[in-house]
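The first residue of the sequence shown is numbered 1, and numbering continues consecutively from there.
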Amino acid sequence: DQVFDACLEYNKYAFGLAQVHKEEKAIEYYKIAREKFKELKDVERVADADFSIGRCYNRSNNPLDAEIYLSRALQVYEAANLFDDIARTRAQLGRSALLQNRFEEALGHFEASRKIILGEDDIDYRALFSVQKNMIKAMRGVGWDVEAKVIERRNAVINEVLELDTADA
């Protein structure tokens with residue numbers, strides 16, 4: 001179907017823009033893709049677009065708008081038990097809360113994401129590192145310095161192997 005193919009192209013273009021940190025333009029194209037997927041009644045792809053828009057808003061330091069889109073995506077992912085998508089969305093909601101200094105809320109999102117990641121048969125250590133890196137910031141925000149040090153040591157071991165110390169959430 002031509003409309004579906006067009007949606008995928010808008011989505012790919014938006015992804016490319018986000019990769020080169022042109023979030024504002026990426027959001028514009030993700031929103032076009034979102035509307036087209038909505039016309040096609042493709043619930044999961046609309047949620048994926050919402051997630052991508054939310055992540056771009058986080059990267060643009062606009063956590064309030066990020067939360068709107070991420071929350072919508074999370075509703076779909078939870079309804080469909082899409083655990084990987086739940087994990088990445090909870091991590092981004094944690095980033096939104098962290099950007100607003102809502103450390104306890106951020107910690108709740110990061111812990112939920114981490115629990116899903118650790119429950120997988122094949123653990124994604126890059127995702128784990130990223131979530132834990134943000135958990136450390138949230139832990140320090142609530143004064144849990146001892147706990148933050150424990151997670152920091154765990155991340156150091158992962159980083160030694162994967163060399164992710166510049167990883168972005």
Side-chain angles (χ1 to χ4, degrees), residues 11-12 14-23 26-27 30 44-45 47-169:
N11 215 48
K12 279 192 243 177
F15 180 80
L17 289 165
Q19 291 295 102
V20 295
H21 304 289
K22 295 191 182 303
E23 276 77 15
I27 289 167
Y30 277 129
E44 194 173 325
R45 289 189 194 270
D48 292 343
D50 284 340
F51 170 82
S52 297
I53 293 165
R55 185 179 55 204
C56 285
Y57 276 130
N58 265 347
R59 288 181 178 170
S60 301
N61 203 24
N62 184 346
L64 295 175
D65 283 336
E67 285 178 327
I68 292 167
Y69 286 91
L70 293 167
S71 294
R72 284 198 293 221
L74 184 62
Q75 294 304 312
V76 172
Y77 297 149
E78 286 181 337
N81 284 332
L82 299 170
F83 295 111
D84 289 343
D85 293 325
I86 293 168
R88 68 188 180 115
T89 306
R90 292 295 295 264
Q92 284 298 317
L93 282 164
R95 294 266 303 148
S96 296
L98 195 61
L99 287 168
Q100 298 171 74
N101 296 323
R102 297 188 335 241
F103 300 116
E104 287 181 26
E105 181 183 337
L107 203 48
H109 285 300
F110 294 136
E111 188 54 48
S113 178
R114 182 173 174 264
K115 189 175 179 180
I116 292 168
I117 292 166
L118 291 174
E120 297 291 322
D121 290 336
D122 188 19
I123 294 173
D124 180 346
Y125 284 97
R126 291 181 192 295
L128 180 62
F129 178 87
S130 179
V131 168
Q132 290 184 160
K133 188 174 177 181
N134 284 303
M135 279 181 78
I136 292 164
K137 294 175 189 171
M139 287 174 162
R140 291 220 163 92
V142 294
W144 295 1
D145 293 330
V146 172
E147 294 86 345
K149 276 281 187 206
V150 170
I151 301 296
E152 213 165 49
R153 283 193 298 272
R154 291 175 185 167
N155 255 14
V157 174
I158 295 169
N159 188 49
E160 179 188 350
V161 176
L162 299 180
E163 298 176 344
L164 297 170
D165 54 5
T166 61
D168 188 22

Query raised in the report: Given the rule in the side chain to side chain contact (heavy atoms under 4.5 Å, CB included) test, do Asn11 and Arg45 qualify, once you have shown the distances and angles that lead to the verdict?
Result: CA-CA 10 Å; Asn11 215 48; Arg45 289 189 194 270; 6.0 Å; no

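- Among the candidates Ile117, Asn155, Leu164, the single residue satisfying the side chain to side chain contact (heavy atoms under 4.5 Å, CB included) test with Leu128 is Ile117.
- Nearest heavy-atom pair, Ser113 versus Ala91, reported as atom, atom and distance to 0.1 Å: OG-CB, 3.7 Å.
- Atom CE in Met135 sits 12.5 Å away from atom CD in Glu152 (nearest 0.5 Å).
- Listed here is the closest heavy atom pair of Ala106 and Ala138: CB-CB, 4.2 Å.
- A heavy-atom distance below 4.5 Å is not found between the side chains of Phe129 and Asp124.
- Here the straight-line distance linking atom CG of Asn61 with atom CD of Glu23 works out to 11.0 Å at 0.5 Å rounding.
- Separating the CG atom in Leu99 from the CZ atom in Arg95 is a distance of 5.5 Å, to the nearest 0.5 Å.
- Annotation: side chain of Phe110 is in contact with side chain of Leu98 (closest heavy-atom distance under 4.5 Å).
- More than 12 non-hydrogen atoms from other residues, nucleotides or ligands lie less than 6.0 angstrom from NZ of Lys137.
- A pairwise comparison of heavy atoms in Ala26 and Ala18 identifies CB-N, 3.8 Å as the closest pair.
- Distance check, rounded to the nearest 0.5 Å: CD of Gln75 to OG1 of Thr89 gives 10.5 Å.
- In this structure, the side chains of Leu93 and Glu105 stay at 4.5 Å or more apart for every pair of heavy atoms.
- Atom OG in Ser60 sits 11.0 Å away from atom NE2 in His21 (nearest 0.5 Å).
- Residues Phe51 and Asp85 form no side-chain contact, since every pair of their non-hydrogen atoms from C-beta on lies 4.5 Å or further apart.
- Remark: side-chain polar atoms of Gln92 are not paired, donor with acceptor, to backbone N or O of Arg88 under 3.5 angstrom.
- The shortest distance between side-chain heavy atoms of Leu107 and Glu147 does not fall below 4.5 Å.
- Taking CZ from Phe83 and NZ from Lys115, the interatomic distance works out to 11.0 Å, rounded to the nearest 0.5 Å.
- For Gln19, the CD atom is densely surrounded, since the number of other residues' heavy atoms within 6.0 Å is greater than 12.
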Requested in this report: Kindly indicate, with the supporting measurements, whether the criterion side chain to side chain contact (heavy atoms under 4.5 Å, CB included) is fulfilled by Met139 and Asp145.
Outcome: CA-CA 7 Å; Met139 287 174 162; Asp145 293 330; over 6 Å; no

Requested in this report: Would you please test Arg102 and Glu104 for side chain to side chain contact (heavy atoms under 4.5 Å, CB included) and show each step?
Outcome: CA-CA 6 Å; Arg102 297 188 335 241; Glu104 287 181 26; over 6 Å; no

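- The side-chain heavy atoms of Leu70 and Asp50, taken from C-beta on, include no pair separated by under 4.5 Å.
- In terms of heavy-atom proximity, Ala73 sits nearest to Ala47 at CB-O, 3.4 Å.
- At a threshold of 4.5 Å between non-hydrogen side-chain atoms, the residues Glu44 and Leu82 count as touching.
- Taking the side chain as every heavy atom from C-beta outward, Glu78 and Arg90 approach each other to under 4.5 Å.
- Side-chain polar atoms of Asp48 and Tyr30 form no donor-acceptor pair below 3.5 angstrom.
- None of Ile53, Asn62, Leu17, Asp65 except one satisfies the side chain to side chain contact (heavy atoms under 4.5 Å, CB included) rule with Ile27; the exception is Ile53.
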